[in-house]
**Student:** 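One structure is given below, represented as structure tokens, and several questions about it will come after.
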Amino acid sequence: MHIPELVLVTKSQCHLCDAARETVASVAADAGIAWAEQLIDDDDTLRARFAEEVPVVLVDGVQRDFWKIDPVRLRKTLDKAMSQAD
């Protein structure tokens with residue numbers, strides 16, 4: 001089973017990020033996988049790439065959702081990623 005890398009890209013003082021953090025934490029816990037958060041605040045590369053789309057969910061480095069994170073879509077994406085062979 002492949003364990004996908006799940007990353008939430010956020011910025012400080014972002015109400016959409018707060019909601020996304022709760023969604024990602026819940027879905028990741030249900031799926032039994034870890035997740036990480038990366039702030040764009042002090043990262044020029046992330047800020048240049050995602051400034052207008054934060055929060056952003058990355059699964060295995062690929063952008064899968066942004067702004068309002070859909071828990072059903074995220075779970076389907078994780079399930080599909082986990083079903084792939086390493």
Side-chain angles (χ1 to χ4, degrees):
M1 177 175 77
H2 171 72
I3 305 298
E5 178 185 11
L6 177 58
V7 176
L8 176 63
V9 180
T10 63
K11 64 182 178 180
S12 298
Q13 300 179 12
C14 166
H15 71 281
L16 290 175
C17 298
D18 296 337
R21 193 176 297 109
E22 289 179 21
T23 299
V24 170
S26 176
V27 173
D30 287 346
I33 64 170
W35 66 282
E37 183 173 350
Q38 293 182 341
L39 289 169
I40 69 167
D41 298 354
D42 297 319
D43 187 317
D44 292 338
T45 302
L46 287 176
R47 190 169 45 254
R49 184 174 173 196
F50 299 118
E52 299 302 319
E53 297 177 341
V54 170
V56 174
V57 169
L58 305 174
V59 177
D60 290 332
V62 177
Q63 182 174 338
R64 295 297 184 180
D65 215 346
F66 65 100
W67 292 335
K68 185 171 179 352
I69 309 306
D70 182 313
V72 173
R73 183 171 43 230
L74 178 56
R75 183 56 198 250
K76 286 180 182 177
T77 300
L78 293 175
D79 287 346
K80 183 177 179 182
M82 289 188 291
S83 70
Q84 297 174 1
D86 281 327

**Student:** Under 4.5 Å between side-chain heavy atoms, hopping through other hydrophobics if needed: is there a path connecting I33 to I69?
**Tutor:**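 Same cluster.
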**Student:** Might you point out which heavy atoms bring A31 and M82 nearest each other, and give the distance in Å?
**Tutor:**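 Heavy atoms only, the tightest pair is CB-CE, 4.0 Å.
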**Student:** Which value, rounded to the nearest 0.5 Å, describes the distance between L39 atom CG and C14 atom SG?
**Tutor:** 10.0 Å
**Student:** Can you give the donor-acceptor pairs under 3.5 Å from side chains of residues 47-61 to other protein atoms, not counting sequence neighbours?
**Tutor:**
from : atom 1 : to  : atom 2 : distance (Å)
R47  : NH1    : I40 : O      : 3.0
R47  : NH1    : D41 : O      : 2.6
R47  : NH2    : D44 : OD1    : 2.3
E53  : OE1    : Q63 : NE2    : 3.1
D60  : OD1    : H2  : NE2    : 3.4
D60  : OD1    : E5  : N      : 2.8
D60  : OD2    : H2  : NE2    : 2.7

**Student:** Pairs in or reaching into residues 29-39: which pass side chain to side chain donor-acceptor pair (under 3.5 Å), with residues at least two apart or in two chains?
**Tutor:**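 Only T10-E37, R21-E37 qualify under side chain to side chain donor-acceptor pair (under 3.5 Å).
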**Student:** Any donor and acceptor pair, going by atom type alone, linking the side chain of S26 with main-chain N or O of T23 inside 3.5 Å?
**Tutor:** no
**Student:** Look only at the side chain of D65 and the backbone of L74, and say whether a donor-acceptor pair between them is shorter than 3.5 Å.
**Tutor:**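 Checked: no pair found.
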**Student:** Mind checking whether L78 and V72 sit in one hydrophobic cluster, side chains of I, L, V, M, F, W, Y counted as touching below 4.5 Å?
**Tutor:** no
**Student:** Quick one: NZ on K11 to CG on L16, what's the gap to the nearest 0.5 Å?
**Tutor:** 9.0 Å
**Student:** Do V27 and I3 belong together in a cluster built from hydrophobic side chains that touch within less than 4.5 Å?
**Tutor:**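 Per the 4.5 Å side-chain linkage, V27 and I3 are co-clustered.
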**Student:** Dump the intermediate steps for side-chain contact (heavy atoms from CB on, under 4.5 Å) on V24 and L6, then the final yes or no.
**Tutor:** CA-CA 9 Å; V24 170; L6 177 58; 3.9 Å; yes
**Student:** Counting N and O atoms only, with roles assigned by atom type, does the side chain of T77 sit under 3.5 Å from a partner on the main chain of R73, one being a donor and the other an acceptor?
**Tutor:**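 Here the side-chain-to-backbone pair exists.
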